[in-house]
Protein chains: 2
Amino acid sequence: MTTTSPQGRTELLRADGSPVRVLVVDDESSITELLSLALRYEGWRIQSAGDGQGALQAAREFRPDVVVLDMMLPDMDGLSVLGRLRRELPDVPVLFLTAKDAVEDRIAGLTAGGDDYVTKPFSLEEVVARLRGLIRRAGAADRRSDSTLVVGDLSLDEDSHEVWRSGDSIHLTATEFELLRFLMRNPRRVLSKAQILDRVWSYDFGGQANVVELYISYLRRKIDAGREPMIHTRRGAGYLIKPAA
Amino acid sequence: MTTTSPQGRTELLRADGSPVRVLVVDDESSITELLSLALRYEGWRIQSAGDGQGALQAAREFRPDVVVLDMMLPDMDGLSVLGRLRRELPDVPVLFLTAKDAVEDRIAGLTAGGDDYVTKPFSLEEVVARLRGLIRRAGAADRRSDSTLVVGDLSLDEDSHEVWRSGDSIHLTATEFELLRFLMRNPRRVLSKAQILDRVWSYDFGGQANVVELYISYLRRKIDAGREPMIHTRRGAGYLIKPAA
DNA sequence: CCTGTTTCTCAGACAAATCACAGACTCGCG
DNA sequence: CGCGAGTCTGTGATTTGTCTGAGAAACAGG
């Protein structure tokens, strides 16, 4: 079920209207804190655990709708935590966090059952988007919710990663896509460069802040080229996207 | 929840009608005093602390709804204060104060959870506006708070930074926008040039006092041009804004 | 490995915003 | 009706913020 708040942000809720419950399992507290913060901001209820034991206990007591699970835990290995979690919560989807160099096919096997994964370091937009996808797919009962964002004559499909502007298909790179998704999830709202950097780039990005300007420039070439512009600069404040008028 | 006082000032209150509670953490007492004064004037309850220890104690005892936190504290670094604050007050949004040149450094991830920041030196209007935004969004789950100021046929949206006068969109620069916001938050009330300077310009502004006249002049061109004027001069006293009719 | 793509840094070009200054204007008072 | 304090606004110097081209580095897919 989705509902739209007065600000125009779309919230994902459970069938009974209560907030979605997410269990975050990672031994680095900076990661659980970052995720708790960001996911809470989505309007979800968060519980976190730092090891396998804590995860299992939380699973029993908190009854989450979805789990974020780091595959590197101190007390027991990811796979056995996963197995026990499954016994406790058979139908709950899992979003795996893995190191970039982790064996890909191993993960691929795990995600076969409708789970998903992201590699560290991740961007918050990425994690939020994947979680929304998992929740959406798990709530098979009402599958009305769809995966397309629309602002004016611009639409973006989160599943197929396709973007269209008034009938024309537009190819975007991964970063361009995430930036546009973030803008479109917050239409008519000014987003500062710092906010954009925090959500769209990975948490360990240490580069120049003007990558944001650069990617805005790329997006404009592809989306606004020769049309009524939808991406606008608010000097000294940030950027916003809105229908062409 | 918002309520409008007889004077026409809009006050932000908590769900139970009690005043909003703000914790201000900064080691420079000139800053905490300046902020306490200004925020008290908003009708909020203020507590201040000069170091990390004090901040944590105040967090436990005062239970603020929002925290203003300088990232440069004497006893412990901003990040660890932040971490401990979060453990104590998980859902309380934070407004960070940072030095202008430190912006680059490690603001990374700080605005991720819907938090916000302002750079020193700041203007009081800016701080108040951001705090109002944080409070509004933190309680936005059910309450229908919106981000638009309206005076007569003039409206100003704090999220999109858009200004409209009877259907026409008006583009304002950052300073013009803040000045107009201050006027519109105090409709039908005479504001002296000194008050305006203190609120809209940063606290270390050292320039000529007639910038206020200059910016009033800019605003009139954009807002009152060819219409019934809404901005009025009270010779020897200051300026005020009121509906044209 | 090699090749095309993507990400990102750097630096210069450009545009907009801010503000000082000074002269023009206006209101209210004698 | 003339004067002066107070206010308004044109001009332009300076600062600040944004955009974008060129190319280096990292990466992905044969």
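Each chain gets a letter, A, B and so on, in the order its sequence line appears, and its residues count up from 1. What you see is a predicted model; the values in this text were computed from it and never measured.
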Among the nucleotides D/dT9, C/dC8, C/dT18, which one has an atom lying closest to any side-chain atom of B/Thr175?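 Selected nucleotide (nearest to the side chain): C/dT18.
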Suppose we call two aromatic rings close when their centres sit under 6.0 Å apart. Are B/Phe177 and B/His161 close by that rule? yes
Verify whether the ring centers belonging to A/Trp201 and A/Phe122 lie closer than 6.0 Å.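 Judged by ring-centre distance (under 6.0 Å), A/Trp201 and A/Phe122 do not meet the cut-off.
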On the nucleotide [N], are OP1 or OP2 found under 4.0 Å from the side-chain N or O atoms that [X] carries?
| X | N | answer |
| --- | --- | --- |
| B/His171 | C/dA17 | yes |
| B/Lys193 | D/dG6 | no |
| A/Trp201 | C/dC8 | yes |
| B/Thr233 | D/dC8 | yes |
| A/Arg235 | D/dT16 | no |
| A/Ser217 | D/dC19 | no |
| B/Tyr215 | D/dC8 | no |
| B/Thr173 | C/dT18 | yes |

How about A/Asp26 and A/Thr32: does a side-chain donor come under 3.5 Å of a side-chain acceptor?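 No donor-acceptor contact under 3.5 Å links the two side chains.
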If we ignore angles and hydrogens, is there a donor and acceptor under 3.5 Å between the side chains of A/Arg234 and B/Thr173?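 There is no such pair (donor and acceptor under 3.5 Å, judged by atom type) between the side chains of A/Arg234 and B/Thr173.
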Measure from [atom1] on [X] to [atom2] on [N] and round the result to the nearest Å.
| X | N | atom1 | atom2 | value |
| --- | --- | --- | --- | --- |
| B/His161 | C/dA16 | NE2 | C1' | 17 Å |
| A/Leu172 | C/dT7 | CG | P | 10 Å |
| A/Asn210 | D/dC19 | CG | P | 11 Å |
| B/Leu180 | C/dA17 | CG | C1' | 17 Å |
| B/Arg234 | D/dC8 | CZ | P | 12 Å |
| A/Glu176 | C/dT5 | CD | P | 13 Å |
| B/Glu178 | C/dA17 | CD | P | 15 Å |
| B/Arg220 | D/dC8 | CZ | C1' | 8 Å |

Contact class for [X] (heavy atom, under 4.0 Å): base, sugar-phosphate, or nothing?
| X | result |
| --- | --- |
| B/Glu213 | base |
| B/Tyr239 | sugar-phosphate |
| B/Ile216 | nothing |

Can you check whether B/Met230's main-chain N or O pairs, donor with acceptor, with B/Asp224's side chain at less than 3.5 Å?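 Yes, the answer is positive, given that a donor and an acceptor are paired below the 3.5 Å cut-off.
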Note: B/Arg181-B/Glu158 ion pair, threshold 4.0 Å (strictly below):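 Salt bridge flag = yes for B/Glu158 with B/Arg181.
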Would you say the side chain of B/Arg221 and the base of D/dT9 hold a donor-acceptor pair, judged only by whether the two atoms sit under 3.5 Å apart?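 No pair found.
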Determine whether a donor-acceptor pair (one donor, one acceptor, N or O, separation below 3.5 Å) exists between the side chain of A/Tyr218 and the base of D/dC19.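 Result: no qualifying N/O pair found.
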